[in-house]
**Q** 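Have a look at this one.
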Amino acid sequence: MSLVDLTFLHAPSVYDFRQRATLWGPISDVVPSTPVYDMYPIGFAILCAYLEQHGFRTRIVNLAVRMLRSDSFDAERFVSRLRSRAFGIDLHWLPHAHGSLEVAQLVRKHHPGAPIIFGGFSATYYHEELIRYPQVDYVVRGDSTEEPLRRLMECLQQGQEPTDVPNLTWKDTAGKIHVNAQGYRPSDLDHVHPGFRQMVRAVIRDRDLVSYAPFNRWLDYPIMATLTVRGCTQHCAICGGCAEGHAAMSGRTQPAFRRPEDVAQDVRDARRISRGPVMIMGDLRLAGMDYARRFLRAIQGVHGPFIIEFFWPVSRGYAEELAAALPNFVAEFSPDSHDPAVRKALGKDYANENVEQTIHNCLSAGARRFDLFFLIGLQEQTAASALQTVAYCEHLLETANGHGRLVPFIAPLAPFLDPGSPAYEDPERFGYRLHCRTLEEHRQALLSPTWKHILSYETAWMDRDTIAATTYEAGWRLNRIKARHGIISQEKAAETEERIDRARSLMARIDGLIATVPPDQVERELLALKDQIDRANTSTVCDKEELDVPMGWLPFNVVELAKLGMSELWDMAWRRNGHGRAS
Ligand code: SF4
């Protein structure tokens, strides 16, 4: 294994999850990850592409995926054998608070001289606390860390202290902590590329496909994603990525956009690799309709499937423009509640007629599917309101005339309320009671026996018991509704119902244990239930595969990949002989 300048490591949310019995419940039912959040942030690929372009050799190791794929995979041994001058660890999503710090400890143990660099939203929010952990040397802050990281790598290479590197929190050799100014905040994202080609090159070079897999199921369902924007114009109370969150964490007052033509080029590159759907992250209308139309012009002729996000309702005209450029697009829209008062409190001020019109506009324009997302754990939302949301889903299915193309989902706001979100920053105003404030409190919470106990909040309208019970009941009812309307088969519905029933009874059993057994015995008793708990842990309130967009039997574009692979092999041979890049 040759020496790498920077190895990016992605940890599972809880490092020793294979030895624990945790009832994770539905916390990851509506995202591609398993409950240990095995998906690494898109930023890993972008940073690799940027650093490689500037002459640094990088590598990605998705430890979470490797640990999930094999019980016998020895993560510590694997880390000990890595040959890298420095290590980068993501703490983007807060559920990685435990795993990321444990992996950093392993790196410190086996590579005591190698700098350990953290980055991501949660790392940024908690940078002052994070840097105090002995296994953390640097925290690169903000939503755009490509250039600060490059400059830090240069300093490390030259043995200089990074006193002038913007957005950096760091310790000097005497252990003194420095917080450099947040001076890097690009107003556009012209330098950002998702690096699909770099990924192919790296997989061939390192002969290691599994470590580069963005998440465990990706090898069977290679969904691709490209981003259009950093920042947001919206003010959703529970979102750390809202306008206020970005202002607090990155000092960003305006979103920064990528050129729509660059995004279209990403999609073309993605198509050369995968036959899976390409998700366009960020509502194309955030930068205005001119931006959206430039993208739709640039993407003409590229084959889907595409997944398009909407942050607010969609007019008939826009739905038709989308359908003309992206035939069979899949729409994703999150009104979060059927109750306009709950939605308004959340920061989404539109009427149910707008929701219904949006569904109608997209489906009648030709959308292949319309995924509709609702949440449990919101301001002003009671248990009865959450269950009425499920009834509203049935009403939509009866009236939308979608012929199975409208697919509603309901899931808990879990496990944590986003730091940096308005509700987190001012919980009383939004009716939240927080159980965790510090990074360490979140890290400890992840070791609780169930997702209900891990939840970092309660609301004035629902305590943790009610959130959990309502989630199971809502999931149970929606599952039956979906079967009635032919969205899922009776067989699938029966399997999901059985998982929900099992999860409910396990939750009751664990509650009983906690109430009656001394704390040191609870863990032992839980381990005795591990098999049952593990079987109730994925696809609890809906089957994760309901989110999948059907593909052909061959998930990858084999011919194009072979061509790409040959050109990369040629390029590597060319450079090994002392030349620059051949292409
Ligand atoms: S949840 Fe709201 S604030 Fe957050 S990214 Fe989406 S639209 Fe923006």
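These numbers were taken from a predicted model, which means no experiment stands behind them. In each ligand, atom 1 is the first atom listed, and ligand 1 is the first ligand listed. The figures that follow rest on heavy atoms only: side chains count, while hydrogens, waters and symmetry mates do not.
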**Q** Filter on side chain to side chain donor-acceptor pair (under 3.5 Å), then keep only pairs touching residues 372-391, sequence neighbours left out; what's left?
**A**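 Every side chain to side chain donor-acceptor pair (under 3.5 Å) pair that includes a residue of residues 372-391, provided the two are not neighbours, is His338-Thr389.
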**Q** Within a radius of less than 6.0 Å around NE2 of His395, do more than 12 heavy atoms belonging to other residues, nucleotides or ligands occur?
**A**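 Count over threshold, so yes.
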**Q** Looking at Phe295, I'd like to know if the NZ or CZ of Arg259 sits under 6.0 Å from its six-membered ring centre while staying within 45 degrees of the ring's axis.
**A**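 Pair Arg259/Phe295 does not count as cation-pi.
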**Q** List-wise, which protein N, O or S atoms are found short of 2.8 Å from atom 2 (Fe) of ligand 1?
**A**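 Listed by chain and number, the atoms are Cys236 SG.
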**Q** Would you say the side chains of Gln444 and Glu440 form a donor-acceptor pair under 3.5 Å?
**A**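 Side-chain D/A pair, Gln444 to Glu440: present.
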**Q** Under 6.0 Å from the six-membered ring centre of Tyr350 and within 45° of its axis: does the NZ or CZ of Lys344 meet both?
**A**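 Judged by the rule (NZ or CZ under 6.0 Å from the ring centre, within 45° of its axis), Lys344 is not positioned above Tyr350.
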**Q** Have His193 and Gln265 got a donor and an acceptor in their side chains that come within less than 3.5 Å?
**A**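 No pair is found: no donor N or O on one side chain lies under 3.5 Å from an acceptor on the other.
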